[in-house]
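Worksheet: one structure, shown below.
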Amino acid sequence: MGDMEQTYFQRALSDFVFDVASGGAIRHLTDMGYTVRQIQERLDFPTPYERIQRTVWKHLTDTGVIFPEKPEQGMTGEKVDYVREYDSYGRASFRRVTVRKATAKPAEPCLLCCFGLLKYREPGRYKEVLGALEKVQAEYIEGLPWGVERVFHRPDRRMLEIYRTLERAGLSEGVCFFQEPPGGGCR
């Protein structure tokens, strides 16, 4: 086996072990509404904070909670998952399952979030925004690995509460707001 093949194999094995040890629990706790910090505290297997962040972000994008562009009608995607099955002797094996998932409907409003851009361009204002939020709200925002690109967030209960808190504090403009006209947003 060459060095490149060995590296690929070790990375694949590491990802598999991570998914068995922590990945499923992280996705489940994310679905239950836990923040990255709360998830880290609840895991049985010690997992680096950054790895939890990446797993949560990927899960939120895979499930259509966060997406890079406003979705169009009828957009669907496929998600590959692996299901653990046991034979009559109790031996585990994995079966690949492809699940079709639908993204947001076009009538659904989207919150345009620019937290990453704000964090890197205006760190003082970013701290002010986090300070205006309740502790668990700020923990949710700070726990996600926002990039500098703008993203849309499905207006679930948590994000609507964050949006309303920022709006009441007069801090939602350019940070987290409903996207009405196409092309508006973070500049």
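Note that the structure is a prediction, hence the values are computed from the model and not measured.
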| task | List for me each residue that meets ring pair (Phe, Tyr, Trp, His ring centres under 6.0 Å) alongside Trp57, sequence neighbours excluded, and say none if there are none. | result | Trp146
| said: I'd like to check the side-chain contact (heavy atoms from CB on, under 4.5 Å) partners of Gln40; sequence neighbours left out, ordered by chain and number. | reply: Arg37, Tyr49, Ile52
| remark: Nearest heavy-atom contact between Gly143 and Val36 is O-CG2, 3.3 Å
| Inter-residue atom distance Cys176.SG - Leu166.CG, 0.5 Å rounding | 6.0 Å
| task | Would you please name every residue forming a ring pair (Phe, Tyr, Trp, His ring centres under 6.0 Å) with Tyr163, sequence neighbours left out? | result | Phe178
| Value rounded to 0.5 Å, distance of CG in Leu29 from OG1 in Thr55 | 12.0 Å
| request: Indicate whether any N or O donor in one side chain lies under 3.5 Å from an N or O acceptor in the other, for Ser172 and Glu167. | output: no
| task | Using the test side-chain contact (heavy atoms from CB on, under 4.5 Å), find all partners of Asp156 that sit at least two apart in sequence or belong to another chain. | result | Val65, His153, Arg158, Met159
| request: Could you state whether Met32 and Val136 fall into the same hydrophobic cluster, counting links through intermediate Ile, Leu, Val, Met, Phe, Trp or Tyr residues with side-chain heavy atoms under 4.5 angstrom apart? | output: no
| field | By side-chain contact (heavy atoms from CB on, under 4.5 Å) - contacts of Thr165 (at least two apart) | value | Leu133, Gln137, Arg168
| task | Report the residues that fulfil side-chain contact (heavy atoms from CB on, under 4.5 Å) with Glu128, sequence neighbours left out, ordered by chain and then residue number. | result | Arg125, Leu171
| query | Within a strict 4.5 Å, meaning less than it, do heavy atoms of the Leu144 and Gln53 side chains meet? | reply | no
| said: Glu161: which residues meet the salt bridge (Lys or Arg N to Asp or Glu O under 4.0 Å) condition with it, sequence neighbours left out? | reply: Arg157
| request: With the side chain counted from C-beta on, respond yes when Gln38 and Thr35 share a heavy-atom pair under 4.5 Å apart, and no when they do not. | output: yes
| query | Is any side-chain heavy atom of Thr63 less than 4.5 Å from a side-chain heavy atom of His59? | reply | yes
| query | Shortest non-hydrogen contact from Ala169 to Ala132? | reply | CB-CB, 4.0 Å
| field | Counterpart residues, salt bridge (Lys or Arg N to Asp or Glu O under 4.0 Å), relative to Lys127 (two or more places apart) | value | none
| said: If you define the side chain from C-beta out and look only at heavy atoms, does anything of Leu130 sit under 4.5 Å from Phe115? | reply: no
| query | Once you round to the nearest 0.5 Å, how far does CZ of Arg121 lie from SG of Cys114? | reply | 9.5 Å
| From Lys58 atom NZ to Ile66 atom CD1, the distance as rounded to the nearest 0.5 Å | 13.0 Å
| said: Less than 4.5 Å apart, side chain to side chain, heavy atoms only: is that true for Leu117 and Arg150? | reply: no
| Among Ile162, Leu118, Leu112, the one residue meeting side chain to side chain contact (heavy atoms under 4.5 Å, CB included) with Val175 | Leu118
